[in-house]
Amino acid sequence: MLNIFRKRLSKGVVTRPLAGAGQVLPEGVEVLGEELKKEIYKKFGRSFHIREVDTGSCGGCESEIIATTNPIYDIQRFGIDFVASPRHADALLVTGPVSKNMVLALKKTYDAMPDPKFVITLGDCALNGGLFKDSYYTAKGANNVVPVAMHIPGCPPDPALIIRHILAFLHQYK
Amino acid sequence: MDYKVIIKDVLENNDIGPGDISECYGDEVRINATALNFKNICLGLHKINRSPVMMLFASDERAGRGVFVVTAVFMAAKYKKWFFVNMDVKKESPAFDSLSKEIYSATFFEREIKEMFGIEPKDHPDMRRLNLHDEVWPEGAYPLRKDFNAGAKSESAGAYEFKRIEGEGVFEVPVGPVHAGIIGPGHFRFSVAGEPIINLETRLGFTHRGVEKLMEGKDVPGAIRIAECVTGDSCFGHSLAFSHAVEKICGAKVPEGVLAARAIFLELERMYNHVADIGGIAIDVGFSFPSNHAAMIKETMLALNQKLTGSRYLKNINEIGGIKKNLSAEERSYLRKTLVQVLKDFKDLKTTLLDSVSFMDRADSTGVLRKKTAEDLGVVGLAARASGIPMDLRKDFPGIYDKIKFNLMKQDNGDALARLNVRLSEFEGSAGIIMQLLDKLDLQAVEPSGAKMSIKAGSALGYAEGWRGAILYWVKLNEEGIVERCKIVDPSFHNWAGLSFAVLGNIIPDFPLCNKSFNLSYPGNDL
Ligand code: SF4
């Protein structure tokens, strides 16, 4: 226990200001984040909840999504959280080229979400199949199965980029 | 005694002559079998080498030779050889004698051969499909046949039949394919009597993308891109195994500096994954402090990868015969500095975990995979080492690792704690390996430009000890350097069965812990 306190104190706050964390980020995103926190508070009633579905990803995209929740990026500070059930979700975050075996599961997950709901695709695979576009076994992207509102490009996109895209999306949302 | 004794044994016990046995690349022995002696040769090699079926796959050679070929691969670690048994299978109603009843580790491979090629393993106890789910894929469409028409439409061939466990008080808990966390899809069906799990049936294949088919027809640089995306936590391991196969075929002499740099990347991959799993094991027993601590170390490692290679996941750095970018002197010293800091943080993480009585209580004796079971199932890599099987390609087929001092990390209990302990020691072990390799690189004025070589036709096995275990690529190239067939075996394919046995007798709330302690890849298994 003592060890935990010692570690806690010696490490201090590790969460990075976003502008420094990824060079891809323009200045002021942090401020944007703060503003958005207010917007999320208004538009979505306190927080924005995301349900993630892997439809045949290599796992790289998942790794980066998980990284957005680590103490360094800490996406939760903006009021965004990943939830365990589609029933609790405002948005569905889809990765992978949609293997035939996942078409039904993806549809069902989408149907289980309450309105209003959005689908965000993440990673080149989810856009149009990416490297797996010519396969006999993929639906060539999520938009062939569910309506997609936004795409986050990359293979995989890094955590700062993911956060920036989600924030930008929320900013536009009326 | 050397590997000739094995050849002698094969010759004595089977109706074949020395002309049917050939050797290539210094580490492969290839045996041409017939439908009559294939099974017996395989059983012999399995027994004498105490090797599971490391690979078993088919290729469609109907266009050239008018037959299918089935190949089984065994490992003779003691002699640093791979034994291949090849058999022609006639193209009309193709079939061969199943090995599964005698060698469990052949089971899944044979089911795969059946669904992908329509070649029947005669007398196989379980012919259900793995990846081409019955609900969405018709009967009689075999994707890995050369004449397969990709336009085949989706239609159902019925539903999958789960094994039913019946009896008073037995109930089933189905979970998945979509899970609660940010994680790959798979279906687990637990049969429970009271609290303990009495059967776990795992249905995978949800991330099947047809990788092996996509590989066909690609040139080598194109294929290596796909190899990197087979499973996103082992991008480098997979690209390394693939390039190794191609380099063998083309007879490339890869400079030592390149080998050292590649080994550094392979160990970096091991480190970031091990620390992520250590954190994952902690969170799955609800201990969030060390898990966040581990996440910070992982992030540091990924940022380090980015700095050294331009990719957080070590993509796009490996190429055939070389690497795309050398480690400069500054990068090497930066790597050293970062590792020293990381090791310090890691020590704290380790103390936090091992000093926590409640954590140890959860991990200790949970999810035991006994050595005998692990051997029978053909479990490899980290999970095998945690169950007392001293197996590590870095020791068995060392290459550059021959010049490095490190210990094979073995545990005997086979429980979640043992798998955690292997990771804890290997994390530090890998840092030690990297330091030694850096010394080597510092000494040589390395300019590890790629090997000179020209593309040749041929086939070879490439391999690498990824962080989960042995990653195997069997690659066949034609004269133009186009991939004709590529069989990929990720260690997860061997190890999923291990998880099903490890959970028996445990309670469902401990499943996440058991699962995480293996942390197998869905996409690596499903391809
Ligand atoms: S986009 Fe890239 S990282 Fe993401 S799932 Fe596809 S291959 Fe993997």
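Here is how names work: the chains are called A, B, and so on, in the same order as the sequence lines, proteins then strands, and each is numbered from 1. Please read all numbers here as calculations on a predicted model, not as lab measurements. Scope of the values below: all heavy atoms of this structure, side chains included, with no hydrogens, waters or symmetry mates.
Within the model, atoms CD1 of A/Ile166 and CG of A/Leu161 stand 10.0 Å from one another, a figure rounded to the nearest 0.5 Å.
Remark: the B/His179 side chain and the A/Asp54 side chain contain no N/O donor-acceptor pair separated by less than 3.5 Å. Side-chain atoms of B/Gln306 and B/Ser311 form no donor-acceptor pair, as typed in the model, at a separation below 3.5 Å. If you check the side chains of B/Thr338 and B/Lys307, you find no donor sitting under 3.5 Å from an acceptor. No side-chain donor from either of A/Thr69 and A/Gln76 sits under 3.5 Å from a side-chain acceptor of the other. No side-chain donor-acceptor contact under 3.5 Å links B/Asn525 and B/Ser492.
Of all the listed residues (A/Gly60, A/Gly59, A/Ser99), the one sharing the greatest number of non-hydrogen pairs under 4.5 Å with chain B is A/Ser99. Note: B/Pro143 leads B/Pro177, B/Gly184, B/Ala295, B/Pro143 in heavy-atom pairs under 4.5 Å with chain A. Interface remark: of the candidates B/Pro185, B/Gly210, B/Ser356, B/Pro185 forms the most heavy-atom pairs closer than 4.5 Å to chain A. Between chain A and the options B/Ala276, B/Cys229, B/Gly181, the largest number of non-hydrogen pairs under 4.5 Å is found for B/Cys229. Between chain A and the options B/Pro523, B/Gly279, B/Ser234, B/Pro290, heavy-atom pairs under 4.5 Å are most frequent for B/Pro523.
Only the backbone of B/Val230 has a heavy atom closer than 4.5 Å to any heavy atom of chain A. For B/Asn131, the part lying near chain A is the backbone, with the side chain staying farther off; criterion is any non-hydrogen pair under 4.5 Å. Both the backbone and the side chain of A/Phe132 come within less than 4.5 Å of a heavy atom of chain B. The contact between B/Tyr313 and chain A is made entirely by side chain atoms (from C-beta outward), counting heavy-atom distances below 4.5 Å. Using a 4.5 Å cut-off between heavy atoms, B/Arg312 contacts chain A through its side chain alone, with no backbone atom that close. In this structure, the portion of B/His293 lying under 4.5 Å from any heavy atom of chain A is its side chain and not its backbone. Residue A/Ser57 touches chain B through its backbone alone, counting heavy-atom pairs closer than 4.5 Å. With a 4.5 angstrom heavy-atom cutoff, A/Cys61 does not touch chain B via any of its atoms. Using a 4.5 Å cut-off between heavy atoms, A/Val103 does not touch chain B at all. Contacts between B/Ile226 and chain A at a heavy-atom distance below 4.5 Å involve backbone atoms as well as side-chain atoms. Looking at B/Leu132, both its backbone and its side chain come within 4.5 Å of chain A, counting heavy atoms on both sides.
For B/His208 and B/Tyr522, the ring centers are positioned 6.0 Å apart or more.
Looking at B/Asn519, its side chain never comes within 3.5 Å of a backbone N or O of B/Asn515 through a donor-acceptor pair.
Under the 6.0 Å distance and 45° angle rule, B/Arg189 counts as a cation-pi partner of B/Phe162. A cation-pi arrangement is absent between B/Arg129 and B/Tyr160 under the rule of less than 6.0 angstrom and at most 45 degrees off the ring axis.
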